[in-house]
Amino acid sequence: MEGNGHNHDVLSGSRFFFVTVLNVLITIAEFVGGALSGSLSLISDAFHNLGDSFSIAFSYAAHRISKKRQNERNTFGYKRTEIIAAFLNSIALCLICVFLVIEAVKRFSHPQSINGNLMLIVAIIGLIANFVSAFLLNAGAKHNLNMRATYLHILSDALSSVAIIIGGVLIDIFGWVMIDPIVTILVAVYIFYESIPIIRQTCRILMQGAPDIDYQAIKNDLLKINGVFGVHHVHAWSIDEHNIIFSAHVNMHDMKISEAQQIYTEIDDLMEKKYHMCHVTIQAETTRGENEDMIYDRGNDIP
């Protein structure tokens, strides 16, 4: 199993590297093409790609750091490194979108002549490179927020290229130079819209937000365990999008520690297999707190 994991990391590293190189090359091509053709959408996409190059490298660094084991400084490990990277990448993407919209609005009052043919050629090259990059990162994007944020960067670039190609055709055939800022605004709004869910989810994780689980169902299942007659003071939070931590105070009949340990094992098995908790902490009590609410708040409650 370790060998497979190692191979996966090496493969991820090679893909990240290849995607980064592709983005750098396309960035240079779009800056040059945008300057020569006068296309704002090409230059804006070049800035977008430049940001993507940094975000891809940042995402890969976060991915590597997240694999580090727990230690005395980080007893839960480094998994949240990828959540932080996804959050920052998505924020950066939104800021880029705002910048692009502002620049596009300026173009409405100060239109410029554009070489649609050159704009079209550069956009087609960018589209091919972005599709290759998206294909390389597609698998990881399904199971990892950090990879998903990076994948969204690449996918948004591909969408930008499609829009620029359409704009280039319209400019080349009809001379509609105003289509350039319009395309820029449409793409920026779409990218902004797609970034918001990632920001919302990463914020929730970083703020120790509770995952979407059925607490009443958990309580009912725990009360079915022989020896348990109360559950209160429950806390649940996510380390990343896959790993949930759970803690609870459980009222149990007075018994030996060796007997309580068997109940602990049942609770651990239940929480892991049915509710997919990666770490469970139980505080056993007899009658203390038996009348408290399951989600208990006394105004200054810290677990």
Side-chain angles (χ1 to χ4, degrees), residues 15-60 88-137 149-172 175-192 194-195:
R15 289 189 178 191
F16 267 112
F17 177 76
F18 187 69
V19 169
T20 302
V21 170
L22 269 179
N23 266 265
V24 170
L25 293 176
I26 292 305
T27 298
I28 296 172
E30 287 187 331
F31 269 126
V32 174
L36 294 176
S37 68
S39 170
L40 173 64
S41 56
L42 265 184
I43 293 175
S44 65
D45 200 45
F47 274 112
H48 188 186
N49 270 301
L50 181 63
D52 286 351
S53 299
F54 285 112
S55 79
I56 292 166
F58 185 45
S59 295
Y60 180 62
L88 293 178
N89 276 336
S90 299
I91 290 292
L93 200 55
C94 287
L95 292 176
I96 290 172
C97 290
V98 172
F99 169 76
L100 295 183
V101 169
I102 293 173
E103 291 301 310
V105 170
K106 291 179 182 178
R107 279 290 180 99
F108 284 117
S109 56
H110 299 89
Q112 299 181 14
S113 61
I114 297 172
N115 185 332
N117 191 42
L118 179 58
M119 173 182 170
L120 183 62
I121 293 171
V122 176
I124 290 174
I125 295 172
L127 178 63
I128 294 171
N130 286 321
F131 270 130
V132 171
S133 298
F135 174 76
L136 291 173
L137 296 178
T150 306
Y151 178 74
L152 180 58
H153 273 273
I154 302 300
L155 201 60
S156 65
D157 281 339
L159 179 64
S160 297
S161 296
V162 171
I164 293 169
I165 288 171
I166 295 172
V169 170
L170 294 176
I171 290 170
D172 200 38
W176 295 349
V177 294
M178 295 305 291
I179 199 69
D180 188 53
I182 292 174
V183 165
T184 302
I185 291 174
L186 291 175
V187 171
V189 169
Y190 173 77
I191 295 169
F192 190 93
E194 289 295 316
S195 299

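Fair warning: this is a prediction, and the values are worked out from it, not measured in the lab.
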Atom OG of Ser90 and atom CZ of Phe192: how far apart are they, to the nearest 0.5 Å?
11.0 Å

What are the two closest heavy atoms between Val132 and Leu22, and how far apart are they?
CG1-CD1, 3.9 Å

One should read off an interatomic distance between Leu170 CG and Ile182 CD1, to the nearest 0.5 angstrom, of 10.0 Å

Please give me the minimum heavy-atom distance between Gly33 and Val122, naming the atom from each residue.
CA-CG2, 4.0 Å

Looking only at non-hydrogen atoms, find the nearest pair between Ser195 and Leu93 and report the distance.
OG-CD2, 3.2 Å

Which pair of heavy atoms, one from Ala129 and one from Ile26, lies closest together, and at what distance?
CB-CG1, 3.4 Å

